[in-house]
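A note on names: the letters A, B, ... follow the listed sequences, proteins ahead of strands, and every chain is numbered from 1. Below, each value reflects all heavy atoms present in this structure, side chains not excepted, and no hydrogens, waters or symmetry copies. In this text the structure is predicted, and so the values were computed from the model without any measurement.
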Amino acid sequence: MQQLNLRAEVKNLIFSYGDKKVLNGITLPIYENRVTALIGPSGCGKTTLLRCFNRMHDLYANAQYHGEILLYPDQRNILGKEIDPMEVRMRIGMVFQKPNPFPKSIYDNVAYGLTVRGVKKKSFIEEQVEKSLQQASLWNEVKDRLHSSATALSGGQQQRLCIARALATEPEILLLDEPTSALDPISTRHIEELIQELRKDVTIAIVTHSLHQAARVSDFTAFMYLGDLIEFGASDQIFTNPKDQRTENYITGRFG
Amino acid sequence: MEAHQDLLANIKRRQMWDFVFALMGLLALLFALVTLLALIVDLAITGVPRINAEFFVNFPSRFAEKAGILSAWVGSFCIMITTAFCAIPLGVAAGVYLEEYSKKNWISQLIELNIINLAGIPSITYGLMALGLFVYKLKLGQSILTAGLTLGLLVLPIIIVTTREAIRAIPNTIREASYAMGASKWQTVRYHILPYSSGGILTGVIISLSRAIGETAPLITIGALTFIAFLPTPPVDGQFPYLNFKWLMDPFTVMPIQMFNWLSRPQPEFHVNAAATGVVLLLMTLIMNGGAIYLRSRFRKKMKW
Amino acid sequence: MRRLRERAIETVLFLAAASSVLVTIGIVGILVVESIPFFEHVTFKEFLTDTQWTPLFENAHYGILPLLSGTLLSTVIALSVAIPLGTVAAAFLSEYVRPSWREFLKPMLELLAAVPTVVYGYFALLFVTPLLQKIIPSLSGFNVLSAGIVIGVMIVPYVSSLSEDAMRSVPNHLREASFAVGASRMQTAFRVVIPAAFSGITSAYVLGISRALGETMVVAIAAGMQPNLTINPTEPAATITAFIVQVSLGDLPHGSIGYQSIYVAGLSLLVLTLCFNIVGLWLRKKFQEKE
């Protein structure tokens, strides 16, 4: 294994919606070109934590962050009040639970991130669209119909399109929020293979319901429970030799 | 680092556009609301000083300062009652049918499409229809009844649409609970659906009546007179059965027509009368609409299923 | 017995619902029936090409063009006020304003639609026209410009309310997808929300157009009632609706040519409204196919 570099670091993150505290002080490293899985029973705050990484909560009223998420190498705190969420989202991409392509053409979907940045050069956009569709292993299926509607694609294809859309802007970190929960087993396998491929180019944080998925795709795993981070470590260690009783209970299927 | 500088510049630029657009949105809203305010203030400055008790109990007159709106407000009142009697039962029944009874077939689709389209039909064509049908074919004359029927049909879609919305807000569990107790469809409607949706229906009724009270064009079209110096026949008299409906066949004028009449005269004194009538009219419609908004928000809060 | 009663009630309710269709049939039927005799006097060619509309004069002309130009002129002015204002206000309310403010601002805006049209007429004649005369001294006391502007403000809520409903019914996950790649609020509104709400926004515009075409009292009061074939908004002109009002105010014998002429005018108005509705329907269809 190569040397581990920090790509981001969550430091004592407390997050609340109005009076309701959802995350009670999370500290967690995210390593470069590794896949970090967030696991835990429903309501443990894993998706909430993931959404902090690109400030999705800012879209809704009453969201409050305390603590820091530092983005390496410049150690910029992306939760800082002075930082516009747009900046964070331009540097960190996200893929959601349910595939959510825009009701536009396949090409326009992938190019969207570049066009909102004001990229005008058509040849560059075309290059990036092809590159990211290839990265998302969708290129061969859609190269002949780039200008037909994205909503006509199958669920698995739509989700890979969403991954391509997130990759087109070359994000520093890619967030995946239960990306396969709405997909059939074959599409799920496809996406898992894709994640393995992608870690060469991008750092990935993935929320998943499936322990098998976490074990298969991730290098590190964080187990969360009721808004706390219970245990973090290399996935091998977490799944074979957990230190905390609660982690063990969860991975052996005693709850959750 | 340079890349980061570019990124920040890019964000700055887009933030600025965001701000510009938000400002435009705010200005658009403000422009509309300030216009409304200007309209109210302008009307009030001219009209309010003219309003006194005599203004309400005098008939229109050739002399501006002696003129009043007695026949107009009585006419508006009578027509509102007729409209309500015509439109509420019909509209609520239609709403209930479309939500609770209708099956998905071409007839119900036709009815639904038709209701949407009625909203776009110019109100003056209702007046033309009423002139041809009620006044001449059915020989109802240029009467309060004709006017009430005309406005009743005009506001029918509003009542149907709000009734349907109110009924749709009732969860299916209520219906299931009622049927589980062995109630028939009509009993379910009568004892559950209608009572629970009454708040929503009431707001629709208020809004439609406030619309009816301000309507002018269709009533002019059916030939409403603009100068009426008498009142409709009183509904109560000394003879058995002490109640009559002769007033329904009487000619009428209403407040908006009275206002229009004064407004179309060249003398500014009559414009003052028009403004005073406008104040009364505006006050009534704003109170009714305000009440409807209040009711709607109250029922929304109360109805937590 | 119980079943019979249920059947009877259902029939009564059905008749009530069906009566709304009768209203439409009644309107179209009466307009057509009363218009037919008109065309026994006047040829279609004269109706569509004559540049004067003077059915009540000794030397009568029956050209619809002057009324049509007045109607379209006031509608175009009204829409150039209402569509930008209404759309921008809708996008602002839907995408920028927090829900508690929206709950307050939207009903306030809707009050604009509650004001009786005759009051708007007063406002156009005695407030807006004098105001505009300070800027355009040549503006005549009766003119299409101020009537059009006031109609525009009046129909802002029709445009904005329906547009806002359409924008807000765009699912949130599309907004999140847009924000997630770093789009700004305005970009999300213009590139994702508005295209996705296009169908509903078109309906809002069509309703706005129908209202503007059919608006009567504002033009009858503030635009004068002389049929005038012109595209100059500072002059007086009559719309189809204003003509109907003008004729109705006089004493008109049933069956006279003047009586028939208001039905022809009403029918023309209905056809005009229908045309715009069909264009709207076609636009929506076309856009939906593209998706």
Name the option with the most non-hydrogen atom pairs under 4.5 Å to chain A; the candidates are Ser184(C), Ser178(C), Ser100(C). Ser178(C)
Given heavy-atom pairs under 4.5 angstrom as the criterion, report whether the side chain, backbone, both or neither of Asn54(A) touches chain C. side chain
Side chain from CB out, backbone as N, CA, C, O: work out which of these in Met86(A) comes under 4.5 Å of a heavy atom of chain C, or both, or neither. both
Determine yes or no for a side-chain-to-main-chain donor-acceptor pair under 3.5 angstrom, with Ser137(A) supplying the side chain and Gln134(A) the backbone. no
Closest-packed option against chain A by number of heavy-atom pairs under 4.5 Å, given Pro171(C), Gly182(C), Pro99(C): Gly182(C)
Qualifying residue for salt bridge (charged side-chain N to carboxylate O under 4.0 Å, His left out) with Glu95(C), from Arg175(C), Arg168(C), Arg185(C), Arg191(C): Arg175(C)
Side chain, backbone, both or neither: which part of Pro101(A) has an atom under 4.5 Å from a heavy atom of chain C? backbone
Tell me whether the rings of Phe15(A) and Tyr17(A) are parallel (<30°), tilted (30 to 60°) or perpendicular (>60°). perpendicular
Honestly, the part of Arg55(A) sitting under 4.5 Å from a heavy atom of chain C is neither
Taking the six-membered ring for Trp, are Phe127(C) and Phe123(C) parallel (under 30°), tilted (30 to 60°) or perpendicular (over 60°)? parallel
Side chain, backbone, both or neither: which part of Leu175(A) has an atom under 4.5 Å from a heavy atom of chain C? neither
Could you tell me which of Arg98(C), Glu176(C), His173(C) has the largest number of non-hydrogen atom pairs under 4.5 Å with chain A? Glu176(C)
Between Ser105(A) and chain C, with a heavy-atom cut-off of 4.5 Å, which part of the residue counts as in contact: side chain, backbone, both or neither? neither
According to the interplanar angle, ranging from 0 to 90°, do the rings of Tyr112(A) and Phe102(A) count as parallel (below 30°), tilted (30 to 60°) or perpendicular (above 60°)? tilted
Give the member of Asp58(A), Val88(A), Thr115(A) that has the highest number of heavy-atom pairs under 4.5 Å with chain C. Thr115(A)
Could you tell me whether the side chain of Ser80(C) and the main chain of Val76(C) form a donor-acceptor pair under 3.5 Å? yes
Would you kindly say whether Thr241(C) and Thr239(C) are connected by a side-chain donor-acceptor distance under 3.5 Å? yes
